[in-house]
J.: 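I'd like to ask you about the structure that follows.
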Amino acid sequence: MGTEISEPLILDKESIDDGAGIESELVPEWKDQITIRGVVVSALLGTLFCIITHKLNLTVGIIPSLNVGAGLLGFFFVKSWTGFLTKLGFQVSPFTKQENTVIQTCVVACYGLAFSGGFGSYMIAMDERTYKLIGADYPGNRAEDIKNPGLGWMTGFLFVVSFLGLFSLTPLRKSTAQFFLGLSYRGVSSGPSFLHMPVIGTLLAWKAIILKVFMGIRYGEIFYAFASVTVVKSFDGSVRHLLVFIAIALILGDGLYNLIKIIYISAKEVCNKSTKQSKLPIVNEVIDNESSKVLAEQRKRDDIFLKDRIPTWFAASGYVALAAISTATIPIIFPPLKWYLVLVSYIIAPALAFCNSYGTGLTDWNLSSTYGKIGLFIIASLVGSDGGVMAGLAACGVMMSIVSTAADLMQDFKTGYLTLSSAKSMFVSQLLGTAMGCVIAPLTFWMFWTAFEVGSPDGPYKAPYAVIFREMAILGIEGFSELPKHCLALCFGFFIGAVLVNLLRDVTPKEISQFIPIPMAMAVPFYIGAYFAVDMFVGTVILFIWERINQKEAEDYAGAVASGLICGDGIWTIPSAILSILRINPPICMYFGPSLSS
């Protein structure tokens, strides 16, 4: 499954920290931020983006973020509608940025299930066509592990797994949201992150690329264990397998370290009752030069964001209740996935959800499919050959749904903070969008399934990741013995390394820590390739030169430049998706490959 990019959208200058009358701005109550017209527009746009997501999912398998498009189209439709009614003489309530934020949140939650629902990956990997493509005589590929898509069970499955992620991190809402908002003070800003990546971190990301080349050369010594496995072809070689596991180790090490850190600091804050000071709880650096105006604006944002509290008991009770329902229901849909395995998944899911939310806020890359593969491989290996394939694929869906929706909610909290929207309205709109997606995503997929031969290698919708996910599950039933040689040792080393690097960042002064790489950012090039590091490096060089020429100007306008680049790139995904749907290829395509030896 392709990695999804996620970014917030800010439509007017009042949404950013420019100090334009924020203290006197009237903010509607959270109930007034959710409107009927907003829900209707969200449903229409959610359907549109679900269709686009399915189309891309079943063809190229790569899903770009459509968040910016959702926000802009929502703004366009509602603004046009209110303007039209006003000209006709009707009195309509004004369209606010809070309402637009709610629309964007609802649409993203809706079409996000077309991504995390596995309609192009784990879910369709269960069907009979994928089973036949791999081969009935292929070891581990059993006819018993077949479940063809059905509108009823797919909708029911989404309803029982898609809401847990929304409750998993809500108790950490204050600390987690403020942490993501404070990333810009650490050196990486969620949103314009590529403009703030520390130079040494980027150079180490380049070293990761060199390491990938080195691994390819050392193929015979490290990776021979995969030489006879068909799945190698699906992942472009054994090197790809090892790089994915290394990326997972870095992500888990960095994410778990910060999870423990945020829990410790939050507990310490509660014990000391030191909430009188306005500060970011995780940021190492103390901000000394804030003007009184900026501090007043930040207090205003904090007050609005924290005013409508979501009680911790409500979030915890909701998670427990939904987990109990899901634990009882999922084994009925997928009998090989026993109830105790589902329960274990829900016990460890909040930690992984935090890791993904942290990574998404840090790098704008939603790696929920990576965490889904973790669940797939572990559960498949535990169940074994008797139902392990089906159990692993179902567990992949459980994990992907939780970590993806949790990351979306944290991003929505950030957007809500910037636009003076209520956290409660963000949470409710996410619930509404998720409920829409549980119905709209299966219905829109069902149109493709009934009209075309989805998954056929000769058809227009080949679903390339279906075979990959089924072969991963088949590989998983063999356990860790089928991993590349030294894979576990390397993963353990990178995991410990990520923890030590984070610890080093925390104990060193700001003058030194700003040049220490962030493991989460280093992990992304391992997973998606070199171009991410190239983008980061180019942005870093531009900002570095700009700061040397005029540091004050760079500090004032770097965020605006980054937002413009992100919006432009995000808007382009809509015509790009349309061109892909119409099967219009670019006039030229550049590819770099190994030279042929004479």
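Reckoned from all heavy atoms, side chains included, excluding hydrogens, waters and symmetry mates. These figures come from a predicted structure and were not determined experimentally.
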J.: List, one per line, each side-chain donor-acceptor pair under 3.5 Å for residues 31-41, sequence neighbours excluded.
T.:
from: Gln33; atom 1: OE1; to: Ser422; atom 2: N; distance (Å): 3.2
from: Gln33; atom 1: OE1; to: Ser425; atom 2: OG; distance (Å): 2.7
from: Gln33; atom 1: NE2; to: Pro28; atom 2: O; distance (Å): 2.9
from: Thr35; atom 1: OG1; to: Gly38; atom 2: N; distance (Å): 3.1
from: Thr35; atom 1: OG1; to: Glu99; atom 2: OE2; distance (Å): 2.6
from: Arg37; atom 1: NE; to: Glu99; atom 2: OE2; distance (Å): 2.7
from: Arg37; atom 1: NH1; to: Ser93; atom 2: O; distance (Å): 3.2
from: Arg37; atom 1: NH2; to: Ser93; atom 2: O; distance (Å): 3.1
from: Arg37; atom 1: NH2; to: Pro94; atom 2: O; distance (Å): 3.2
from: Arg37; atom 1: NH2; to: Glu99; atom 2: OE1; distance (Å): 2.8

J.: I'd like a table of donor-acceptor pairs (distance under 3.5 Å, sequence neighbours excluded) in which one partner is a side-chain atom from residues 75-83, with atom names and distances.
T.:
from: Ser80; atom 1: OG; to: Phe76; atom 2: O; distance (Å): 2.7
from: Thr82; atom 1: OG1; to: Val78; atom 2: O; distance (Å): 3.0
from: Thr82; atom 1: OG1; to: Lys79; atom 2: O; distance (Å): 3.0

J.: Mind checking the CG-CZ spacing from Asn141 to Arg470? Nearest 0.5 Å is all I need.
T.: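 So the gap between those two atoms works out to 4.5 Å.
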
J.: Rounded to the nearest 0.5 Å, what's the gap from CG on Leu113 to CG on Leu158? Could you check?
T.: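 Taking CG in Leu113 and CG in Leu158, the distance rounds to 6.0 Å.
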
J.: Working note: Ile402 + Leu352, criterion side chain to side chain contact (heavy atoms under 4.5 Å, CB included); need CA distance, chi angles, decisive distance, verdict.
T.: CA-CA 9 Å; Ile402 293 176; Leu352 297 180; over 6 Å; no

J.: Who are the side-chain hydrogen bond (donor to acceptor under 3.5 Å, both in side chains) partners of Ser162, not counting sequence neighbours?
T.: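 Applying side-chain hydrogen bond (donor to acceptor under 3.5 Å, both in side chains) to Ser162 gives none.
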
J.: Quick one: list whatever passes ring-ring contact (aromatic ring centres under 6.0 Å, His included) with Phe84, sequence neighbours left out.
T.: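 Partners of Phe84 under the ring-ring contact (aromatic ring centres under 6.0 Å, His included) test: none.
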
J.: What residues form a salt bridge (Lys or Arg N to Asp or Glu O under 4.0 Å) with Glu29, not counting sequence neighbours?
T.: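 Checked Glu29 against salt bridge (Lys or Arg N to Asp or Glu O under 4.0 Å); matches are Lys307.
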
J.: Would you please classify the geometry between the Phe448 ring and the Tyr461 ring as parallel, tilted or perpendicular, with 30° and 60° separating the classes?
T.: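 Ring orientation, 0 to 90° scale: perpendicular.
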
J.: Please determine, by modelled atom types, if Tyr346 and Thr327 share a side-chain donor-acceptor pair under 3.5 angstrom.
T.: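 The criterion, which ignores hydrogens and geometry beyond distance, is not satisfied for Thr327 and Tyr346.
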
J.: Listed by chain and number, what are the ring-ring contact (aromatic ring centres under 6.0 Å, His included) partners of Phe445, not counting sequence neighbours?
T.: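 Residues passing ring-ring contact (aromatic ring centres under 6.0 Å, His included) with Phe445: His54, Phe119.
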
J.: Side chains of Thr101 and Thr419: any donor to acceptor distance under 3.5 Å?
T.: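 Yes.
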
